[in-house]
K.L.:
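Would you mind keeping the following structure in view while I ask a few things?
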Amino acid sequence: MDNPYVPLLFLMGIAAVLALGGVGSSVILGPKRYNRAKLEAYECGIEPTPHAIGGGRFPIKYYLVAMTFIIFDIEVVFLYPWAVSFAELALFGLVAMIAFLVLITVPFVYEWKRGGFEWD
């Protein structure tokens, strides 16, 4: 066998068998003691509440906070490799990162105008 991917495929097959075998054996061999508390939805240790009338809409602040975390994640993912290879990238890398940071400020400004940073 000359293909260098055969050991990798073999290892992936073993991992799949172990993962599915573990889940399957727990379903077959595990105890089945269902009660009301186990069948309810878990909401951080408090009593679950029913959905609001009209479909249970989330406030916009929820999405703005989520967008803040996504923006920070994207920024960090691109800043780490740039910082590591800063010397090799020279002026081109600096200009590209400044352009990226200018573009990434657009969602911040949008969120700021929508009131996402105000905690009422």
Side-chain angles (χ1 to χ4, degrees):
M1 289 194 200
D2 247 357
N3 195 344
Y5 291 109
V6 170
L8 182 63
L9 292 174
F10 184 69
L11 185 63
M12 288 172 61
I14 290 175
V17 166
L18 286 175
L20 295 175
V23 171
S25 64
S26 70
V27 167
I28 294 170
L29 301 174
K32 294 165 183 60
R33 294 184 210 120
Y34 299 112
N35 57 27
R36 188 175 81 80
K38 280 189 178 182
L39 295 176
E40 284 184 358
Y42 180 72
E43 293 185 6
C44 303
I46 60 174
E47 291 294 320
T49 58
H51 291 292
I53 298 173
R57 305 181 104 194
F58 288 105
I60 189 69
K61 296 237 184 229
Y62 174 80
Y63 297 107
L64 291 176
V65 169
M67 190 169 67
T68 303
F69 284 112
I70 291 171
I71 292 168
F72 277 126
D73 288 345
I74 290 171
E75 190 172 10
V76 168
V77 162
F78 282 108
L79 282 175
Y80 270 120
W82 173 75
V84 169
S85 61
F86 179 73
E88 292 86 24
L89 293 175
L91 184 62
F92 172 75
L94 181 64
V95 171
M97 191 50 62
I98 289 173
F100 171 71
L101 290 175
V102 166
L103 287 174
I104 205 81
T105 57
V106 171
F108 279 119
V109 171
Y110 171 76
E111 186 170 357
W112 190 358
K113 297 294 182 188
R114 293 289 300 216
F117 298 126
E118 296 172 8
W119 298 99
D120 300 320

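Please read these numbers as outputs of a predicted model, since none were measured by experiment.
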K.L.:
Give the cluster check for Val23 versus Leu18: same hydrophobic cluster or not, with ILVMFWY residues linked at side-chain heavy-atom distances below 4.5 Å.
P.N.:
no
K.L.:
Lys32 side chain to Val27 main-chain N or O, any donor-acceptor pair under 3.5 Å?
P.N.:
yes
K.L.:
Apply the test side-chain contact (heavy atoms from CB on, under 4.5 Å) to residues Met97 and Phe92: give CA-CA distance (whole Å), side-chain angles for both, the deciding distance (0.1 Å), then the verdict.
P.N.:
CA-CA 9 Å; Met97 191 50 62; Phe92 172 75; over 6 Å; no
K.L.:
Working to the nearest 0.5 Å, report the span between CG of Leu103 and CD1 of Ile98.
P.N.:
12.5 Å
K.L.:
Could you grab the distance from atom CG of Asp73 to atom CZ of Phe78, nearest 0.5 Å is fine?
P.N.:
12.0 Å
K.L.:
Considering all heavy atoms of both residues, which atom of Glu88 and which atom of Ser85 are nearest to each other, and what is their separation?
P.N.:
OE1-CA, 3.2 Å
K.L.:
Quick one: OH on Tyr80 to CD on Glu75, what's the gap to the nearest 0.5 Å?
P.N.:
11.5 Å
K.L.:
For the hydrophobic clusters of this structure (ILVMFWY residues joined by side-chain heavy atoms under 4.5 Å, transitively), does one cluster hold both Val84 and Val76?
P.N.:
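Unlinked, Val84 and Val76 end up in two clusters.
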K.L.:
Got a second to check how far Ile104's CD1 is from Ile71's CD1, nearest 0.5 Å?
P.N.:
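Answer rounded to 0.5 Å: 6.0 Å.
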K.L.:
According to side-chain contact (heavy atoms from CB on, under 4.5 Å), who are the partners of Phe10, at least two apart in sequence or on a separate chain?
P.N.:
Ile14
K.L.:
Stepwise, does the side-chain contact (heavy atoms from CB on, under 4.5 Å) test hold for Thr105 with Trp112?
P.N.:
CA-CA 10 Å; Thr105 57; Trp112 190 358; over 6 Å; no
K.L.:
Measure centre to centre between the rings of Phe86 and Trp82, then say whether the value is under 6.0 Å.
P.N.:
yes
